[in-house]
**Q** 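Take a look at the following structure, please.
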Amino acid sequence: MKRYLTFVILMACAISSAQNINEALRYGTENLQGTARFQAMGGAFGALGGDLSSLNINPAGSAVFNNSLFTISGSNYNTNNEARYFGDTNITKDNTIELNQIGGAFVFRNTDSNSDWQKFTLAFNYDLVNNFDNEYYVSGSSTQGIDTYFSEYAQGTPFGSILVQDGEFLEEAYLDIGSAQGFRDQQAFLGYYGGILDPETEDDANTNYVSNTLYDFVEQDFIRRTTGYNSKFTINVASQYKENIYLGASLNFHSVLYTQFDQFTESGYEPNSEITRTTFDNYLETEGNGFSFSLGAIAKLNDNVRLGGSYQSPTWYRLEDNTSQRINSDLADADINFINFNIINLFESYTVKTPSKLTGSLAVIFAKDGLLSFDYGYQDFSQSELRPTNDPSFQTVNSQITSDLGAVSTFRLGGEYRIQQVSLRAGYRFEQSPYSNGNTIGDLNAVSGGIGYNFGGSKLDFSLSRSQQDVSERLFNAGITTPAMIDRSITNATLSYTINF
């Protein structure tokens with residue numbers, strides 16, 4: 001009981017910094033979600049409008065509605081990861097079902113015949129911007145052991161600064177060091193009491209450490225499971241001016257929940273190694289909210305051609321993290337199991353600013369027979385930023401963002417062909433890598449198709465989309481440098497129902 005009470009007192013003070021470039025990308029990128037019609041046409045709705053999910057591209061889209069309506073969408077979200085690590089290949093699949101969109105629009109026609117403003121629209125929409133449910137597994141025979149992770153943090157750290165004080169429990173020392181000295185010293189502490197490292201000398205001033213593991217190659221198994229979402233609730237107003245101009249604006253309120261569980265096992269050391277097996281697990285939970293706004297316009301050049309343009313502001317996220325760790329080995333301290341997932345590091349809240357986005361669109365309408373639509377989007381990820389910018393660790397991350405990330409061009413193409421009440425749809429989407437090297441995260445390619453049926457007062461739509469992207473992911477942010485190479489494909493099957501009123 002004494003240890004439990006002590007933990008409760010100290011956990012609120014366990015503040016350090018371990019955020020990195022992943023935060024800017026995780027919350028700055030969007031996986032195409034929304035209504036079935038929107039997904040089937042690759043999200044190419046910037047000049048079309050007339051769909052609640054089109055507000056994600058151009059807020060003027062709601063002014064195209066001729067009547068009030070309500071739409072609800074559900075998706076089956078399937079992820080397939082083919083992970084390669086030191087020659088071994090493992091395939092992991094994850095499947096979830098989500099209510100990914102719900103919203104409505106209210107159209108008010110202007111009864112003043114002398115006014116050039118034809119109608120006004122007020123719309124509300126919830127969209128699942130990104131689904132974080134995912135899992136992958138890697139295994140392989142590596143030349144770099146987990147000792148390289150702890151060594152990178154420990155070298156240069158005075159031995160005396162990571163020792164348990166008289167009368168202090170091991171888990172108390174872990175939290176105290178994280179709070180007072182930071183993440184680096186806390187990992188050095190884990191490496192020592194986890195039995196992985198020893199100081200060259202027992203002198204408190206010692207700053208050099210040696211590994212207790214002996215190996216040429218080690219067998220490593222790593223599982224990463226993530227869950228959560230990034231959702232967006234949109235309040236939109238739009239209006240039609242005369243017969244050919246549509247204008248709109250939206251306020252967007254984002255909600256984030258993200259969890260990441262990493263499970264790592266290492267074995268296969270030399271026969272004379274005192275350590276024969278090591279486990280090292282990490283857990284991260286992030287919660288927060290964000291805000292953004294968007295402005296847009298659509299112009300009908302004639303009965304067949306429409307042009308659209310929109311501006312999506314940066315999104316400002318206010319986030320809070322908490323982390324937990326656990327480690328064990330043959331040489332670990334006898335009390336090492338008291339450092340577990342119930343011992344929580346609380347991080348100070350911080351801000352992630354994701355970059356603004358510009359979109360230009362063109363649509364060609366073939367009367368009642370169908371349409372073709374094209375969108376081009378531009379977003380510069382080197383403008384992402386973690387705040388407060390005077391935090392030394394955030395300055396390091398922001399420098400990395402500036403040097404490693406670059407501009408992203410997105411191309412979306414969609415088409416629809418109508419046969420009486422039936423609509424056939426197809427789409428294609430291409431998105432450049434946010435990394436300047438184009439390798440850490442590769443380009444994204446996606447194809448989609450769908451069908452819809454108009455009952456008159458309501459519509460039922462179905463879509464099937466598949467995206468593919470190569471991702472290079474390091475198991476840890478320090479030490480082990482060889483990444484897992486992951487071929488990731490995501491398949492969405494979405495069903496939407498719309499009722500007009």
Side-chain angles (χ1 to χ4, degrees), residues 30 32-66 105 118-119 121 123 125 127 234 236 238-250 293-313 355-380 407-418 423-432 443-450 452 461 463 465 467:
E30 299 183 356
L32 191 69
Q33 299 279 336
T35 67
R37 185 179 181 226
F38 182 80
Q39 292 190 55
M41 294 174 59
F45 270 79
L48 286 177
D51 186 283
L52 283 167
S53 291
S54 72
L55 305 183
N56 295 325
I57 309 298
N58 190 336
S62 65
V64 178
F65 289 129
N66 290 318
Q118 302 295 307
K119 60 185 175 185
T121 303
N125 192 55
D127 255 322
T234 297
N236 166 266
S239 183
Q240 179 183 347
Y241 180 75
K242 293 186 175 179
E243 295 297 327
N244 55 359
I245 299 294
Y246 305 90
L247 303 172
S250 294
F293 67 89
S294 53
L295 305 170
I298 298 173
K300 290 175 61 176
L301 302 186
N302 51 51
D303 289 340
N304 302 105
V305 180
R306 297 181 187 178
L307 293 178
S310 63
Y311 167 78
Q312 169 74 52
S313 78
S356 61
K357 187 173 185 178
L358 294 171
T359 302
S361 310
L362 169 68
V364 180
I365 314 297
F366 303 104
K368 295 183 178 181
D369 294 328
L371 56 90
L372 286 173
S373 182
F374 173 78
D375 287 358
Y376 169 76
Y378 178 87
Q379 193 173 23
D380 187 357
V408 171
S409 291
T410 302
F411 304 89
R412 294 184 296 269
L413 178 66
E416 182 177 65
Y417 180 68
R418 303 187 188 101
S423 297
L424 304 177
R425 304 173 182 122
Y428 172 74
R429 177 167 60 111
F430 171 83
E431 187 173 301
Q432 281 184 312
D443 297 335
L444 181 146
N445 286 273
V447 294
S448 54
D461 299 299
S463 69
S465 63
S467 65

**Q** Take Y376 and F411 through the test ring pair (Phe, Tyr, Trp, His ring centres under 6.0 Å) and record every step on the way to the result.
**A** CA-CA 5 Å; Y376 169 76; F411 304 89; 5.3 Å; yes
**Q** Has K119 got a side-chain atom pairing as donor or acceptor with A238's backbone, closer than 3.5 angstrom?
**A**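 No, K119 side chain to A238 backbone: no donor-acceptor pair under 3.5 Å.
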**Q** Of all heavy-atom pairs between R37 and D51, which one has the smallest distance, and what is that distance?
**A**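 Heavy atoms only, the tightest pair is CB-OD2, 3.8 Å.
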**Q** Do T410 and Q379 have side-chain heavy atoms sitting under 4.5 Å apart?
**A**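 No, their side chains stay 4.5 Å or more apart.
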**Q** Taking all non-hydrogen atoms of both residues into account, name the closest pair between S54 and G61 and its distance.
**A**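 The answer is OG-CA, 4.0 Å.
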**Q** Would you check if the side chain of T121 reaches a backbone N or O of S62 as a donor-acceptor pair within less than 3.5 Å?
**A**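 Judged by distance alone, yes, a pair lies under 3.5 Å.
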**Q** Side-chain donor-acceptor pair under 3.5 Å between Y428 and N445, yes or no?
**A**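 Yes.
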**Q** Determine whether F65 and L52 make a side-chain contact, defined as any pair of heavy atoms from C-beta on separated by less than 4.5 Å.
**A**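 The answer is yes, as the side chains (C-beta and beyond) meet within the 4.5 Å cut-off.
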**Q** With side chains defined as the heavy atoms from C-beta onward, is the minimum distance between S356 and S313 less than 4.5 Å?
**A**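 SC-SC contact between S356 and S313 ruled out.
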**Q** Is any side-chain heavy atom of S448 less than 4.5 Å from a side-chain heavy atom of S463?
**A**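 No. Closest side-chain heavy atoms not under 4.5 Å.
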**Q** Might you point out which heavy atoms bring S53 and G34 nearest each other, and give the distance in Å?
**A**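 Answer, listing the atom of S53 first, then G34: OG-CA, 3.2 Å.
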**Q** Given side chains that start at C-beta, do those of N125 and N236 come closer than 4.5 Å, heavy atoms only?
**A**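 They are not in side-chain contact.
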**Q** Ignoring hydrogens and angles, tell me if any N or O in the side chain of R412 forms a donor-acceptor pair with the backbone of G43 under 3.5 Å.
**A**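 Checking the backbone N and O of G43 against the side chain of R412, a donor-acceptor pair under 3.5 Å is found.
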**Q** Using 0.5 Å steps for rounding, measure from the OH atom of Y311 to the OG atom of S294.
**A**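 Y311 OH to S294 OG: 10.0 Å, rounded to 0.5 Å.
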**Q** For the CG atom on N302, are there more than 12 heavy atoms of other groups (residues, nucleotides or ligands in this structure) within a distance under 6.0 Å?
**A**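 Count over threshold, so yes.
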**Q** Using the side chain to side chain contact (heavy atoms under 4.5 Å, CB included) definition, which of the options L413, L372, T35, L371 pairs with M41?
**A**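 One option only clears the test, and that one is L371.
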**Q** Could you tell me which residues satisfy salt bridge (Lys or Arg N to Asp or Glu O under 4.0 Å) with E431, sequence neighbours excluded, listed by chain and number?
**A**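 Only R429 meet the salt bridge (Lys or Arg N to Asp or Glu O under 4.0 Å) criterion with E431.
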**Q** Under 3.5 Å, is there a donor-acceptor pair between the side chain of E416 and the main chain of R418?
**A**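 Not confirmed, E416 side chain does not pair with R418 backbone.
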**Q** Check whether any side-chain heavy atom of F45 sits under 4.5 Å from a side-chain heavy atom of F38, and report yes or no.
**A**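 Yes - at least one pair of side-chain heavy atoms lies under 4.5 Å apart.
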**Q** Treating S361 as the side-chain partner and D375 as the backbone partner, does any N or O pair qualify as donor plus acceptor under 3.5 Å?
**A**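 Checking the backbone N and O of D375 against the side chain of S361, no donor-acceptor pair under 3.5 Å is found.
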**Q** Just jot down the salt bridge (Lys or Arg N to Asp or Glu O under 4.0 Å) partners of D127, sequence neighbours excluded, or say none.
**A**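 So D127 forms no salt bridge (Lys or Arg N to Asp or Glu O under 4.0 Å) with any residue.
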**Q** Stepwise, does the side chain to side chain contact (heavy atoms under 4.5 Å, CB included) test hold for I298 with L307?
**A** CA-CA 6 Å; I298 298 173; L307 293 178; over 6 Å; no
**Q** Which heavy atom of L55 sits nearest a heavy atom of A123, and at what distance?
**A**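 For L55 and A123, the tightest heavy-atom pair comes out as CD1-CB, 4.1 Å.
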**Q** Determine the minimum heavy-atom distance between L48 and V64, stating which atoms define it.
**A**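 Smallest interatomic distance, heavy atoms only, reads O-CG2, 3.5 Å.
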**Q** Go through the steps to decide whether D380 and K357 satisfy the test salt bridge (Lys or Arg N to Asp or Glu O under 4.0 Å), and finish with yes or no.
**A** CA-CA 8 Å; D380 187 357; K357 187 173 185 178; over 6 Å; no
**Q** Are N304 and F366 side-chain neighbours, meaning at least one heavy-atom pair lies under 4.5 Å?
**A**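 No - every pair of side-chain heavy atoms lies 4.5 Å or more apart.
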**Q** Taking the side chain as every heavy atom from C-beta outward, state whether L247 and L295 have any pair of such atoms under 4.5 Å apart.
**A**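 Not in contact.
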**Q** Could you measure the distance from the CG atom of L362 to the OG atom of S373? Nearest 0.5 Å is fine.
**A**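 Between L362 CG and S373 OG, I get 7.5 Å after rounding to 0.5 Å.
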**Q** Which atom pair, heavy atoms only, marks the closest approach of G308 to A47?
**A**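 Between these two residues, the closest heavy atoms are N-CB, 3.8 Å.
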